[in-house]
Amino acid sequence: MKRVVITGGAGFLGSHLCDRFIAEGFHVIAIDNLITGNLENIEHLFKLPQFEFYHHDVSKYVHIPGPVDYILHFASPASPIDYLKIPIQTLKVGSLGTHNMLGVAKAKKARILVASTSEVYGDPLVHPQTEDYWGNVNPIGPRGVYDEAKRFQEAITMAYHTYHGLETRIVRIFNTYGPRMRLDDGRVLPAFIGQAIRGEDLSVFGDGSQTRSFCYVDDLVEGIYRLLMSDYAHPVNVGNPSEITISQFAEEIIKLTGTQQKVAYHPLPQDDPKQRQPDITRARQILGWEPKVTREEGLRITYQWFKEYLERKAQAQPA
Ligand code: UDP
């Protein structure tokens, strides 16, 4: 049985990756310090003998007994309000955490895939974003702690590839959504759905003309799986190119949830990217991958999941 280590395994993306690798017949070792991850996301896996969980911060020395074939480094806070709250941990897990996991990969002769991000492009001046665009990042702005850690991560990963001959893969992940997002993580989809459910107005930042392109989590996991199994060491964008303004997105959530609420405008956070859309030509060519789930379908599944999640929580609370 092949053994895969997934850091951030209790998080949104990490837990979906655990599910996928279990389904593919792997032995999965998930690592998480549970700062932004949640054991509820992987509770169903604990009964499986081919699943292990280590409660550990990968910014500190990492020891994994036994052989390892693959590593997926997904540990990191990933929402702007999280990096404002825990900026130093965000920097450390992207830099020291990546260094530690590259060290494990080298010692175990494992192939490692690191989770990079569309944030390496910053507030992009090239649209849509291709992998050869170097980006427009403010290193000392509120997002700098995440963006620069991820840019360092790409640099050190390529260095291990070039100087140590390590098998490395870099995925640049664009906005992704789906079940198991945290309702309080501040990102636009859980924010809007939470507000609609609670009967509050939807908080649009700025004038809502900024754009994003949202990818359903199952599509993202498929792209990541294919990239890991490919022989391509340079960065690959994985995301859904279907672009939408945040105002239009709010309207879609209002329609989906049937809420009577309206949109309320709030100041735009500093350095909020004005536009974002992945150019996925490379993923199409190298991985034969493109997203399959429409936003309509993905949002329907995600909304249903949030409703059921909140019902379960309400039932668990004493009246
Ligand atoms: N946004 C918003 N209202 C919210 C949360 C986010 O209008 O309650 C906007 C935010 O300003 C950004 C976009 O939605 O332009 C996506 O924000 P998110 O935090 O989800 O991720 P980002 O892509 O900015 O990292």
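Nothing here was measured: the structure is a model prediction, and the numbers come from that model. Counting starts at 1 for both ligands and their atoms, in listed order.
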Top protein contact for [atom], by heavy-atom distance:
atom                    : result
atom 8 (O) of ligand 1  : Ser203 OG, 2.8 Å
atom 7 (O) of ligand 1  : Phe205 N, 2.7 Å
atom 21 (O) of ligand 1 : Asn175 ND2, 3.7 Å
atom 15 (O) of ligand 1 : Asp272 OD1, 2.6 Å
atom 22 (P) of ligand 1 : Arg212 NE, 3.7 Å
atom 9 (C) of ligand 1  : Gln210 NE2, 3.9 Å

Indicate, as side chain, backbone, both or neither, the part of His266 found under 4.0 angstrom from ligand 1 when only non-hydrogen atoms are considered.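 Looking at His266 and ligand 1, no heavy atom falls under 4.0 Å.
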Heavy-atom contacts with [X] under 4.0 Å: which atoms of ligand 1 show up? List them by number with element.
X      : result
Glu119 : 25 (O)
Pro80  : 19 (O), 25 (O)
Val204 : 7 (O)
Ala191 : 8 (O)
Ile246 : 7 (O), 13 (C), 14 (O)
Gly186 : 5 (C)

So, the side chain of Arg212 versus the backbone of Ile246: is there a donor-acceptor pair under 3.5 Å, distance only?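 Such a contact is absent between Arg212 side chain and Ile246 backbone.
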For the side chain of Arg3 and the backbone of Tyr70, is there at least one donor-acceptor N/O pair under 3.5 Å apart?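 No, Arg3 side chain to Tyr70 backbone: no donor-acceptor pair under 3.5 Å.
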Report the distance from atom CD of Glu297 to atom CG of Asp218, rounding to the nearest 0.5 Å.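 Between Glu297 CD and Asp218 CG, I get 9.5 Å after rounding to 0.5 Å.
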Working to the nearest 0.5 Å, report the span between NE2 of His16 and CD1 of Ile6.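 The CD1 atom of Ile6 is 12.0 Å from NE2 of His16, to the nearest 0.5 Å.
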Contact check, side chains of Tyr216 and Thr302, non-hydrogen atoms, under 4.5 Å: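 Tyr216 reaches Thr302 side chain to side chain.
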Taking the side chain as every heavy atom from C-beta outward, state whether Arg180 and Tyr309 have any pair of such atoms under 4.5 Å apart.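 No, every pair of side-chain atoms sits at 4.5 Å or beyond.
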Can you tell me how the ring of Tyr225 sits relative to the ring of Phe26, calling it parallel under 30°, perpendicular over 60° and tilted otherwise?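 Perpendicular, since the angle between the ring planes exceeds 60°.
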Parallel, tilted or perpendicular: which fits the ring planes of Phe205 and His266, with parallel below 30° and perpendicular above 60°?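 Phe205 vs His266 ring planes: perpendicular.
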Report the residues that fulfil side chain to side chain donor-acceptor pair (under 3.5 Å) with Gln285, sequence neighbours left out, ordered by chain and then residue number.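 Partners of Gln285 by the side chain to side chain donor-acceptor pair (under 3.5 Å) criterion come out as none, since no residue qualifies.
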Ignoring angles and geometry beyond distance, decide whether Arg143 reaches within less than 3.5 Å of ligand 1 through its nitrogen or oxygen atoms.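 Yes; at least one N/O pair falls below 3.5 Å.
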Tyr83 versus ligand 1: do any nitrogen or oxygen atoms come within less than 3.5 Å of each other?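 By distance alone, the answer is no.
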Side chains of His44 and Asp19: do they bring a donor and an acceptor to under 3.5 Å?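 A donor-acceptor contact under 3.5 Å links the two side chains.
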Nearest heavy atom to atom 14 (O) of ligand 1 wins, so pick from Leu189, Val188, Thr176, Asp271.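 Among Leu189, Val188, Thr176, Asp271, the closest heavy atom to atom 14 (O) of ligand 1 comes from Val188.
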Does the residue Gln195 have a heavy-atom contact with ligand 1, meaning some pair of atoms that are separated by less than 4.0 Å?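 Not so, Gln195 does not reach ligand 1.
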Sequence neighbours excluded, which residues qualify as ring-ring contact (aromatic ring centres under 6.0 Å, His included) partners of Phe249?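 Phe249 satisfies ring-ring contact (aromatic ring centres under 6.0 Å, His included) with Phe214 once adjacent residues are dropped.
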